[in-house]
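Accompanying notes for the structure given below.
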Protein chains: 2
Amino acid sequence: MDLDDIDRQIIAQLQGDGRRPFTQIANELGVSEGLVRYRVQRLTREKVMQVVGIADPLKIGFDLMVMVGIRVTPGMVREVADRVGKFPEASYVASIGGDLDLLLEVVCRDTAHFADLLNNRLHHIEGITSTQTFLILEIHKMAYGWGVPDAPAGERPRPHLPVPRE
Amino acid sequence: MDLDDIDRQIIAQLQGDGRRPFTQIANELGVSEGLVRYRVQRLTREKVMQVVGIADPLKIGFDLMVMVGIRVTPGMVREVADRVGKFPEASYVASIGGDLDLLLEVVCRDTAHFADLLNNRLHHIEGITSTQTFLILEIHKMAYGWGVPDAPAGERPRPHLPVPRE
DNA sequence: AATGAAAACCGAATTAT
DNA sequence: ATAATTCGGTTTTCATT
């Protein structure tokens with residue numbers, strides 16, 4: 001799906017405040033409220049963007065976050081990714097190129113919870129040849145949006161603006 | 001800040017849909033709209049939760065995501081984390097225990113953009129002793145919320161429910 | 001893109017804890 | 001003092017055109 005300038009600006013605004021009234025966005029952009037509503041609907045439907053509440057895990061009772069680097073038998077990466085992605089504790093799963101094949105971030109209540117996950121569930125998944133766990137000490141930044149890339153040549157560049165954690 | 005059951009349920013609902021009307025949430029929980037509004041305000045003020053629009057980087061014109069593992073001179077982790085967190089391209093910065101000291105996820109337009117970041121900016125930061133880059137091939141899951149942990153013993157457990165990417 | 005009706009929001013005053 | 005409800009006027013949303 002192709003984005004135009006209006007889409008990009010709407011995204012930028014909602015990245016700052018997901019509950020910003022459509023009328024305010026519309027005013028700022030000089031378009032009608034209906035258009036903003038229509039665009040937001042479309043962006044959401046096309047899964048380009050979504051508006052969600054996000055909570056800081058460490059503040060809502062989860063005390064342990066771990067990044068697990070996983071090596072997988074060649075050809076089984078997708079399958080393993082799907083499997084680990086089904087864990088409710090999994091907050092992030094990405095396949096990567098490099099020394100490891102998968103990155104899995106999990107959010108757990110405590111050490112016992114993670115131990116259970118690692119020993120009783122993760123290690124039973126077929127195709128995994130090794131895991132390496134990194135205890136997450138502190139999250140310094142988590143941007144929930146990734147900003148809007150520069151506009152095409154000729155137009156003024158828009159800020160590349162991730163929304164910082166705070 | 002302490003969360004009660006109402007806070008947790010509000011978070012859970014907004015994790016599903018950040019624009020869910022407060023009145024609907026209130027009805028579902030059997031409390032007044034004013035209370036929901038008050039709690040959301042407080043949760044936001046205390047930085048326990050925020051409601052934001054999040055966009056899929058790969059669908060809004062960013063073509064390259066990279067996870068960079070960083071080793072840092074002992075004692076300089078916080079400082080380096082702060083520095084790299086200032087990059088607008090940084091979407092995720094966490095200090096970790098293990099083979100690496102920092103994880104940095106960046107979102108770039110293209111290879112040239114990343115090359116510039118790596119060579120001209122990242123490698124000039126003092127305290128960094130080595131970097132290791134993992135090209136992100138595919139993001140299989142990105143949960144923007146981390147669910148709500150089980151309620152205290154005696155109460156019925158609540159679903160540990162991250163919001164899946166789709 | 002505009003309209004009008006229905007719904008939701010917001011500030012303030014009020015009561016309860 | 002902090003938390004929760006209620007109530008009005010205002011704004012937003014939504015269906016229809």
Side-chain angles (χ1 to χ4, degrees), chain A residues 1-56 58-61 144-145 148 151 155 158 163 166, chain B residues 1-56 60 144-145 148-156 158 161 163 166:
Chain A
M1 188 201 143
D2 261 19
L3 305 187
D4 67 8
D5 210 54
I6 297 189
D7 292 312
R8 279 187 282 266
Q9 292 194 253
I10 290 174
I11 291 172
Q13 297 221 13
L14 290 176
Q15 280 177 345
D17 174 7
R19 284 189 92 92
R20 187 128 211 259
F22 294 160
T23 48
Q24 280 182 38
I25 298 174
N27 282 344
E28 194 126 342
L29 306 192
V31 300
S32 77
E33 174 270 338
L35 180 59
V36 174
R37 183 150 40 88
Y38 170 73
R39 293 304 185 92
V40 170
Q41 243 174 28
R42 191 173 57 164
L43 289 168
T44 305
R45 173 164 36 84
E46 303 289 336
K47 306 217 196 294
V48 173
M49 184 199 67
Q50 59 185 134
V51 177
V52 293
I54 49 188
D56 182 337
L58 301 176
K59 288 189 177 169
I60 62 173
Y144 303 101
V148 176
E155 304 172 42
R158 229 152 286 301
V163 178
E166 61 181 42
Chain B
M1 190 201 142
D2 262 18
L3 304 187
D4 67 9
D5 210 55
I6 297 187
D7 292 311
R8 279 188 282 267
Q9 292 194 252
I10 290 174
I11 292 172
Q13 296 221 17
L14 290 176
Q15 280 176 346
D17 174 6
R19 284 188 90 94
R20 185 128 214 256
F22 294 159
T23 49
Q24 278 182 40
I25 298 174
N27 283 344
E28 194 126 342
L29 306 192
V31 299
S32 75
E33 175 271 340
L35 179 59
V36 174
R37 184 150 42 92
Y38 171 74
R39 293 302 186 93
V40 169
Q41 244 174 29
R42 191 172 57 164
L43 289 168
T44 305
R45 173 165 35 85
E46 304 288 338
K47 306 220 194 295
V48 172
M49 183 199 68
Q50 60 185 133
V51 178
V52 292
I54 49 187
D56 182 337
I60 62 173
Y144 302 103
V148 176
D150 291 350
E155 304 173 44
R156 77 181 186 293
R158 230 152 286 301
L161 84 95
V163 178
E166 62 183 43

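By convention in this document, chain letters (A, B, ...) are assigned in the order of the sequence lines, proteins followed by strands, and residues within each chain are numbered from 1. This is a predicted model, so every value here is computed, not measured.
Contact detail for A:I6 and A:R39: the closest heavy-atom pair is CB-NH1, 3.9 Å. Residues A:K47 and B:D56 come closest through the heavy atom pair O-CB, 4.2 Å. Counting all heavy atoms, side chain and backbone alike, B:M49 lies closest to B:L14 at CE-CD1, 3.7 Å.
Atom CD in B:E28 sits roughly 13 Å away from atom P in C:dA8 (whole-Å rounding). Remark: C1' of C:dA7 and CD1 of B:I25 are 15 Å apart, rounded to the nearest angstrom. When the C1' atom of D:dA4 is taken as reference, atom CZ of B:R42 falls 11 Å away, rounded to whole Å.
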Next on the checklist: Evaluate B:L29 against B:I10 for side chain to side chain contact (heavy atoms under 4.5 Å, CB included), listing each step before the verdict.
Outcome noted: CA-CA 9 Å; B:L29 306 192; B:I10 290 174; 3.9 Å; yes
Item to check | side chain to side chain contact (heavy atoms under 4.5 Å, CB included) evaluation trace for B:Q13 with B:D17 | outcome: CA-CA 6 Å; B:Q13 296 221 17; B:D17 174 6; over 6 Å; no
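Under the 4.5 Å side-chain criterion, counting only non-hydrogen atoms from C-beta, B:V48 is in contact with A:I60.
Axis angle between the ends of the helix from C:dA1-D:dT17 to C:dT17-D:dA1, five pairs each and rounded to 10 degrees, works out to 30°.
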Next on the checklist: Strictly under 4.0 angstrom, non-hydrogen atoms only: write out the protein contact profile of nucleotides 5-15 of chain D, one letter per nucleotide from the 5' end, B, S or -.
Outcome noted: BB-----SBBB
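In this structure, the side chain of A:R19 engages the main chain of B:R20 through a donor-acceptor pair within 3.5 Å.
Taking 4.0 Å as the cut-off between side-chain N and carboxylate O, B:E46 and B:R42 do not count as a salt-bridged pair.
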